[in-house]
Structures are given as C-alpha cells and as structure tokens.
Amino acid sequence: LKFAIKKQIKIREIAILLPHCIQNYDCPYKITNNIDNCKECDLCKISHIKKLKDKYGIQVKIATGGTLARLFLKEHRPKLVIAVACERDLVSGIYDALPLMCYGIFNIRKNGPCINTDLMVEDIEKVIEKLSN
Ligand code: SF4
C-alpha cells in the first residue's frame, strides 16, 4: 500500500466512509449531516473518528445508505476512500466506487447487524499513517 499509492495521495485527498450504525443508537445528535455535531461523550467510536478527522484534516462521511455514499464520493472526489462496513455492503460498495481506490475495513457487529456496531479506529489510523510517512 505504502509504495503503491503513497506518491499519488495527499492526506487531505483521503476520505473515511462509515455506516450510520457505528453511532450509538440512543444518541440524539445528527451526525449524518456533520460529524462535528458529535458531543464526544465516547459512548460510541464516532468521537474517536471526529478526533482523527481533526488531527489529519481528512474528510469523513457517515452515510445512511449506498445512495448517499455514492453522492458523497461524486461531490467530494477523494483519491482514496477508507470504507468501513459489513462484508456484504463493503464488497458491493467497493465495486460501485471503481475505479476509485478503496481500502476496506469490516465493522464489528457485537450486537448483531445494523445496531451499535463498532470499529477499530487504530486500523484506520494505520492506513493514514502509512500514507503520511
Ligand atoms: S460519541 Fe458522539 S455520536 Fe457517539 S453517542 Fe456520544 S455524542 Fe453521540
């Protein structure tokens, strides 16, 4: 990854695409419009992703479905997407996004599908770090 695309990508050209189910189900804040609406209570990993966004200056989109995800990619035209989703959505999403470069990470479904899912923020940061070193 490092050698293949490092020279082509600037950190600000990376976008993180997340499914809405990462957000705590009971959270009242509307982060699908803007992740900055998260109040960083740490009940879910959205707060960690928000910090990552501020640290690296990368774009983050929390999409409620494939259509909105595709719209985001069309409007913002990142050069690389780090996409988090379940197996099925990730595979179809990566095919949809072609020829855009995607790095896929599976979410963790400790409460079953589509509710209060989790992710390894460290995995996302590792990808970003590889590209920025
Ligand atoms: S960390 Fe942010 S998005 Fe998650 S529950 Fe707290 S305020 Fe809501």
Side-chain angles (χ1 to χ4, degrees):
L1 178 72
K2 188 173 178 178
F3 298 114
I5 58 178
K6 186 184 166 192
K7 285 185 183 146
Q8 302 169 38
I9 308 277
K10 296 186 177 72
I11 294 298
R12 65 172 184 279
E13 294 170 329
I14 300 174
I16 299 176
L17 200 51
L18 301 173
H20 183 224
C21 56
I22 299 282
Q23 184 181 28
N24 184 283
Y25 186 76
D26 296 319
C27 177
Y29 302 110
K30 194 158 173 57
I31 51 140
T32 48
N33 283 350
N34 186 348
I35 192 173
D36 289 336
N37 291 335
C38 165
K39 305 295 180 213
E40 299 186 28
C41 74
D42 285 344
L43 271 179
C44 71
K45 295 282 174 66
I46 296 295
S47 55
H48 298 238
I49 298 291
K50 185 181 166 190
K51 287 181 188 119
L52 217 56
K53 174 187 91 73
D54 294 339
K55 181 175 172 186
Y56 293 100
I58 53 182
Q59 307 171 63
V60 176
K61 176 66 182 171
I62 298 140
T64 47
T67 306
L68 286 180
R70 279 189 290 277
L71 193 65
F72 169 80
L73 296 180
K74 200 173 160 194
E75 280 177 0
H76 293 268
R77 299 192 172 279
K79 284 204 173 160
L80 173 85
V81 179
I82 303 172
V84 178
C86 61
E87 286 87 342
R88 193 198 60 177
D89 288 356
L90 196 56
V91 171
S92 62
I94 287 173
Y95 273 112
D96 277 359
L98 281 171
L100 182 65
M101 280 187 283
C102 287
Y103 190 96
I105 296 176
F106 295 132
N107 62 0
I108 303 161
R109 285 161 292 157
K110 55 190 179 188
N111 300 295
C114 307
I115 185 162
N116 292 340
T117 62
D118 199 2
L119 58 83
M120 298 285 287
V121 179
E122 302 86 338
D123 289 350
I124 296 177
E125 189 156 21
K126 262 187 226 161
V127 178
I128 297 167
E129 285 288 329
K130 276 194 179 185
L131 294 169
S132 60
N133 285 332

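All of these numbers come straight from a predicted model, not from anything done at the bench. Ligands are counted one by one from 1 in listed order, and the atoms in each one are counted from 1 as well. Here, residue 1 is the first one in the sequence, and each next residue gets the next number.
With values rounded to the nearest 0.5 angstrom, H48 atom NE2 is found 13.0 Å from K55 atom NZ. Put simply, NZ on K51 and CG on D42 are 4.5 Å apart, with the number rounded to the nearest 0.5 Å. Rounding to the nearest 0.5 Å places CG of D96 at 9.5 Å from CG of L73.
C38 SG, 2.4 Å is the protein heavy atom nearest to atom 2 (Fe) of ligand 1. Nearest to atom 7 (S) of ligand 1 among the protein's heavy atoms is K39 N, 3.3 Å.
Taking every non-hydrogen atom of I46 and a distance limit under 4.0 Å, the qualifying atoms of ligand 1 come out as 3 (S). Near N24, meaning under 4.0 Å from any of its heavy atoms, are these atoms of ligand 1: 5 (S). Near C44, with a cut-off below 4.0 Å to any heavy atom, the atoms of ligand 1 are 1 (S), 3 (S), 4 (Fe), 5 (S). Those atoms of ligand 1 that come under 4.0 Å of a heavy atom in S47, given as number and element, are 1 (S).
Residues Q59 and I16 form no side-chain contact, since every pair of their non-hydrogen atoms from C-beta on lies 4.5 Å or further apart.
Not a single N/O/S atom of C41, whether from backbone or side chain, sits less than 2.8 Å from atom 4 (Fe) of ligand 1. At least one N/O/S atom of C27, whether from backbone or side chain, sits less than 2.8 Å from atom 8 (Fe) of ligand 1.
For the residue pair A69 and L17, the shortest heavy atom distance occurs at CB-CD2, 3.9 Å. Summarising the geometry of I31 relative to N37, their closest heavy-atom pair is CG2-C, 4.2 Å, with the distance given to 0.1 Å.
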